[in-house]
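The figures that follow rest on heavy atoms only: side chains count, while hydrogens, waters and symmetry mates do not. Positions are given from 1 along the sequence.
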Amino acid sequence: MQASPVRLRRDDTDVDVVVIGGGVNGVGVARDASQRGLRVALFERNDLAFGASGNSSGMIHGGPRYLTNDPHVTETSCRDSGHIQAIAPHLLFRIPFLAPVERSARSRVMFTLMDAFFEAYDRYQPFKRGKRHARLSADELRQLEPGLAGDLMGGFSMDEWGIDGARLCVANAVDAMERGAKVYVGHTVERVERREDTGAVVAVRYRDRHTGAGGRLRTSVVINATGAWSSITAALGGLPPTASRVRPGKGIHIVYDRRLTSYAIMGQTIDGRQIFMCPWENVTVIGTTDDDFYGDLDGVRANSEEVRYLVQGIARVFPAIRNARAIGTYAGVRPTLHAYGPSEDELSRDHQIIDHAVHGAPGLFSMIGGKLASYRLFSEEMADVLAKHFGIGLRCATHVTSLPGGDATVDPFALAERAGIDAVAARRLVYRHGSRALHVEERMKARPREAVAVCPCEPVTEAEVRYTVRHELARTVDDVSRRTRLGLGACGGMRCAARCGQIVASERGLPPREGMRQAINFLERQALTRVVALGPEQARQEALAIASVRSELGLMGDDDLATAPAWRQIAQSEPGEQSAHSRAQGEVVCPDP
């Protein structure tokens, strides 16, 4: 539904609403508010999906583990999963889960309890078009996944959905822009101005982090949707950090170079936490930790101890993981609702809107908590508050209005034939862009040379790289990677970062050296995510690959790598170093099957 334009509610404002934060909640409310006719500006200091939204487990799931303490979260997540499938069908993919049960003194009781638990979860499956759970014998489990190990009594299957969180954020932002919203990436809000007498919001002051240029935008409403940064952002408006308090929880994932199984497999860590191994797009992902985080939110990375912790847990049920090729890690920080005392696993995944009028700052709101799976509902609730604030009668329509690309189905094989590209490249293009893959196809038809794959691993064509820069707010090689997964495959960007940097520089009218600088920065960041997961054999291979890339980029001396500590660390790895994936002396990883 296209909303009719709404006039500015005050003559002394430039926009009705300023949203701070380019995660899924921020872009979600920007889309909803724009759809209802409000004039919106969104500021993101890094890039869309830079935080938890782009570094999550990548699932639109109900979260059966919340059933015991927080069934409301499970229900809303499942309901919103159904809505997200309807508005972005191209972005979701089914992930069947297997939950093995090891034989023990309590296994029969545990098996019965788990059966009842999954039966309760079945009540929510219709909301998200999921399949009911199934009881499986040990033989049936191994028939589905021969790599399972251990003395198994049996297990269960259940159904979930996967999604690319970064693509979801981009789609919401593009939709908001097409409805009139202004989206500023790489811009940091430095201050939220308020009236001295009433405390009401009057404007935000911002600065372009790349050019240093500053500005001021007048508004009567500011929404703090910065996730784990929420307390910091609230302080920009003169509020104490406790006014918008969250309990940041770090979650890391390990990425492997291919799909190691057709099923996601649940496992358990040494301290009893539930983890999983999941086939996700073209790779396999292991996750996730859940630890209180007190560090730099702009530099969240996995460490080798966390990698070892996860691998140990999965190896108990799937020993082959120790011989699989890890190609990277990623980490994010959940903006969990604050509570002092409970363990991280017991914290609520619900969401909350804070009206800071109670703190003397009318017009300032904070969105805290929440899950990727229920972002649309959270955004709807925030937009309902805005509608009441501005006296707008229009109701939410984001659940029935397709996101960009979700309005029609495109046959990837026909597209491949028309555009003259590989069928796999076409399939991945359609997954990321849906019907808007046809816009990329138009570029390839008009400029056939742009059909060449820049990133063979994913694969990503030159036309798609240029499209993301022109139409999806990508400004750097990092940004292109976030939107297309360029450089996130087995090569770690060594085969594509330099060419991508050239294209980005060309599209943005930057000097070639800037494109090269972006490529080197991207390669360094990727090396930092890999180094914590490498064993000595893989480290030696990485050192050879790095030497090749150094030569290709003209970085022949060690002095040229003064800003690349991860490259040096990989190159200097000793053959005898302990791998996070190898068995430590005396460690019992898994009983023989």
How far apart are the C-alpha atoms of D16 and R39, what are their side-chain angles, what is the distance that settles it, and do they pass the salt bridge (Lys or Arg N to Asp or Glu O under 4.0 Å) test?
CA-CA 5 Å; D16 296 319; R39 298 176 66 181; 5.8 Å; no

Near R258 CZ, under 6.0 Å, is it more than 12 heavy atoms from other residues, nucleotides or ligands?
no

Which is it for D208 and H187 under the side chain to side chain contact (heavy atoms under 4.5 Å, CB included) test, yes or no, and what are the steps along the way?
CA-CA 4 Å; D208 187 326; H187 287 66; 3.5 Å; yes

When you measure from the side chain of S506 to the backbone N and O of Q502, does any donor-acceptor pair fall under 3.5 Å?
no

Check whether any side-chain heavy atom of L473 lies under 4.5 Å from a side-chain heavy atom of V170, and answer yes or no.
no

Smallest heavy-atom separation, R530 atom then G492 atom, equals NH1-CA, 3.6 Å

How about S230 and N224: do any of their side-chain heavy atoms sit closer than 4.5 Å?
yes

Any sub-3.5 Å donor-acceptor pair from T188's side-chain atoms to E190's backbone N or O?
no

Can you tell me if R191 uses its side chain to pair, donor with acceptor, with the backbone of G237 under 3.5 Å?
no

Roughly how far, to the nearest 0.5 Å, is the CG atom of D164 from the CZ atom of F93?
7.5 Å

Taking every heavy atom of A49 against every heavy atom of N55, the minimum-distance pair comes out as O-ND2, 4.3 Å

Under 3.5 Å: donor-acceptor pair, side chain of N282, backbone of E458:
yes

Is the shortest side-chain heavy-atom distance between H351 and M367 below 4.5 Å?
no

For a 4.5 angstrom cut-off between non-hydrogen side-chain atoms, does N172 reach L168?
yes

Surrounding CD of E417 (heavy atoms of other residues, nucleotides or ligands, distance under 6.0 Å), is the total greater than 12?
no

Can any side-chain N or O of W161 pair as donor or acceptor with the backbone N or O of K128 at less than 3.5 Å?
yes

Trace of the salt bridge (Lys or Arg N to Asp or Glu O under 4.0 Å) decision for E514 with R508
CA-CA 10 Å; E514 172 61 19; R508 298 189 59 212; 5.8 Å; no

Polar side chain donor-acceptor pair, R475 to H210, under 3.5 angstrom:
yes

Rounded to the nearest 0.5 Å, what separates atom OG1 in T76 from atom CG in L377?
6.0 Å

Return the CG to CG distance between L488 and L486, rounded to the nearest 0.5 Å.
7.5 Å

At what distance, to the nearest 0.5 angstrom, does CD of E44 lie from CZ of R209?
9.0 Å

With no hydrogens and no angle check, just 3.5 Å: does a side-chain donor-acceptor pair link D80 and S374?
no

Indicate whether the side chain of D479 and that of T476 have a donor and an acceptor atom separated by less than 3.5 Å.
yes

Main-chain N/O of L91 paired with Y431 side-chain donor or acceptor, under 3.5 Å:
yes

Hey, is the main chain of P279 close enough, under 3.5 Å, to the side chain of T284 for a donor-acceptor pair?
no

Please test Y330 against V285 for side chain to side chain contact (heavy atoms under 4.5 Å, CB included), starting from the C-alpha separation and ending with a verdict.
CA-CA 10 Å; Y330 63 93; V285 172; 3.8 Å; yes

Would the distance check show the side chain of D14 and the main-chain N or O of R218 forming a donor-acceptor pair, the cut-off being under 3.5 Å?
yes

Between V430 and V410, the two heavy atoms sitting closest are CG1-O, 3.8 Å

Heavy-atom side-chain contact between V480 and Q518 under 4.5 Å:
no

Chi angles and distances behind the side chain to side chain contact (heavy atoms under 4.5 Å, CB included) call for E464, R443:
CA-CA 9 Å; E464 187 179 4; R443 288 193 62 92; over 6 Å; no

Would you indicate whether the side-chain heavy atoms of K371 and V24 approach each other to under 4.5 Å?
no

Worked verdict on R36 versus D384 for salt bridge (Lys or Arg N to Asp or Glu O under 4.0 Å)
CA-CA 10 Å; R36 301 196 203 197; D384 285 343; 2.8 Å; yes

So, does R207 use its side chain to make a donor-acceptor pair with the main chain of G212 at under 3.5 Å?
yes

Tell me the closest heavy-atom pair linking A41 and Y184, and the distance in Å.
CB-CE1, 4.2 Å

Report the C-alpha distance between E281 and R428 in whole Å, list the side-chain angles of each, state the deciding distance to 0.1 Å, and finish with yes or no for side chain to side chain contact (heavy atoms under 4.5 Å, CB included).
CA-CA 9 Å; E281 297 198 35; R428 299 299 295 148; 2.2 Å; yes

Which pair of heavy atoms, one from S57 and one from T288, lies closest together, and at what distance?
OG-CG2, 4.1 Å

To the nearest 0.5 angstrom, please state how far the CZ atom of R436 sits from the OH atom of Y467.
5.5 Å

Are a donor atom and an acceptor atom from the side chains of S220 and T13 found within less than 3.5 Å of each other?
no

Partners of D257 by salt bridge (charged side-chain N to carboxylate O under 4.0 Å, His left out), sequence neighbours excluded?
none

Residue pair T398 / R376, side-chain donor-acceptor N/O under 3.5 Å:
yes

Taking the side chain as every heavy atom from C-beta outward, state whether T484 and V465 have any atom pair closer than 4.5 Å.
no

Between G26 and L42 the two heavy atoms that sit nearest each other are O-CD1, 3.5 Å

Nearest 0.5 Å please: distance from the CG atom of L297 over to the CD1 atom of I232.
5.5 Å

Could you check whether any side-chain heavy atom of R466 comes within less than 4.5 Å of a side-chain heavy atom of I503, counting everything from C-beta outward?
yes

